[in-house]
Number of protein chains: 2
Amino acid sequence: MKVSIIIMPKKAVLDPQGKTVQSALEHMGYDGVQDVRVGKYLEIEVKDGDPETVRARLDEAAHRFLSNPVIEDYRIEIG
Amino acid sequence: MKVSIIIMPKKAVLDPQGKTVQSALEHMGYDGVQDVRVGKYLEIEVKDGDPETVRARLDEAAHRFLSNPVIEDYRIEIG
């Protein structure tokens with residue numbers, strides 16, 4: 001089964017990479033862009049199992065060492 | 001409106017960051033992990049407009065300069 005973990009900088013944290021993309025879009029003529037934030041997308045293929053167990057274990061891994069909880073938020077999507 | 005662009009290394013391209021995360025998960029006791037790939041997740045807030053127009057313009061931007069089409073694939077999700 002496929003699990004995605006999306007790790008984003010917290011709203012209160014400066015995101016220089018997002019700002020760079022935003023100003024690149026503006027300079028290339030893409031107007032109407034109000035905000036850009038850049039994060040990481042982990043696509044994980046795990047052995048089939050109970051979705052809630054898989055989620056709980058990956059949630060623990062995401063909290064412990066895949067993300068930096070001080071400056072990042074994450075969410076887990078299954079399927 | 002919120003638009004997400006997910007940029008992943010192509011399947012045929014080595015993904016050392018993904019391999020590192022995979023072996024980290026294994027070493028920390030998370031078994032059953034078969035593959036990990038790491039990509040970028042862009043969360044873009046754009047002025048409300050016709051979703052198909054927004055998609056077409058961001059598709060062009062993703063192809064032209066947000067991704068590297070030689071080694072990366074991307075997909076766009078609206079809403």
Side-chain angles (χ1 to χ4, degrees), chain A residues 1-11 13 15 17-51 53-67 72-78, chain B residues 1-11 13 15 17-51 53-67 72-78:
Chain A
M1 63 199 287
K2 192 165 278 182
V3 183
S4 306
I5 304 180
I6 297 156
I7 303 173
M8 299 299 290
K10 278 183 197 283
K11 288 271 176 264
V13 172
D15 175 16
Q17 209 181 342
K19 288 293 165 223
T20 303
V21 170
Q22 184 175 353
S23 74
L25 284 167
E26 283 160 5
H27 280 99
M28 302 293 276
Y30 298 88
D31 47 0
V33 175
Q34 293 164 327
D35 190 43
V36 179
R37 297 188 80 78
V38 178
K40 269 175 288 187
Y41 189 88
L42 277 66
E43 218 168 63
I44 303 177
E45 188 65 44
V46 293
K47 225 184 277 176
D48 283 346
D50 171 49
T53 310
V54 169
R55 177 189 291 273
R57 299 192 65 220
L58 286 175
D59 188 84
E60 187 197 49
H63 185 79
R64 277 176 68 203
F65 63 96
L66 298 177
S67 76
E72 292 171 329
D73 287 324
Y74 63 87
R75 63 179 193 270
I76 296 177
E77 289 173 2
I78 295 203
Chain B
M1 63 199 287
K2 192 165 273 182
V3 182
S4 305
I5 304 180
I6 297 156
I7 303 173
M8 299 298 292
K10 278 183 197 283
K11 288 270 176 265
V13 172
D15 175 15
Q17 210 182 344
K19 288 293 165 220
T20 304
V21 171
Q22 185 176 350
S23 74
L25 284 167
E26 284 160 3
H27 279 100
M28 302 293 277
Y30 298 88
D31 47 358
V33 175
Q34 293 163 329
D35 190 42
V36 180
R37 295 187 83 75
V38 178
K40 266 174 291 186
Y41 189 86
L42 277 65
E43 219 169 62
I44 303 178
E45 187 66 44
V46 292
K47 225 185 277 179
D48 285 345
D50 171 50
T53 310
V54 168
R55 178 188 290 274
R57 301 192 65 221
L58 286 175
D59 188 85
E60 188 198 49
H63 185 79
R64 279 175 69 203
F65 64 94
L66 297 177
S67 76
E72 292 172 327
D73 288 323
Y74 63 86
R75 64 179 193 272
I76 295 176
E77 290 172 2
I78 294 203

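Chain identifiers are assigned alphabetically (A, B, ...) following the order of the sequence lines, protein sequences preceding nucleic acid strands; residue numbering begins at 1 within each chain.
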(request) Identify which part of A:Ile5 has an atom lying under 4.5 Å from any heavy atom of chain B, answering side chain, backbone, both or neither. (result) neither
(message) Between B:Leu66 and chain A, with a heavy-atom cut-off of 4.5 Å, which part of the residue counts as in contact: side chain, backbone, both or neither?
(response) side chain
(request) List the atom of B:Phe65, the atom of A:Ala24, and the distance in Å for their closest heavy-atom pair. (result) CE1-CB, 4.0 Å
(request) May I ask you to list the residues in residues 36-46 of chain B that approach chain A closer than 4.5 angstrom, counting heavy atoms only, ordered by number? (result) B:Val36, B:Arg37, B:Val38, B:Gly39, B:Lys40, B:Tyr41, B:Leu42, B:Glu43, B:Ile44, B:Glu45, B:Val46
(message) Can you tell me how far apart CZ (A:Arg64) and CG (B:Leu25) are? Round to the nearest 0.5 Å.
(response) 10.0 Å
(message) Applying side chain to side chain donor-acceptor pair (under 3.5 Å), can you list everything that pairs with B:Lys2, at least two apart in sequence or on another chain?
(response) none
(request) Identify which part of A:Val33 has an atom lying under 4.5 Å from any heavy atom of chain B, answering side chain, backbone, both or neither. (result) both
(request) Against chain B, label A:Glu60 side chain, backbone, both or neither, depending on which of its atoms sit under 4.5 Å from a heavy atom there. (result) both
(request) Heavy-atom distances under 4.5 Å only: say whether A:Asp48 touches chain B with side chain, backbone, both or neither. (result) neither
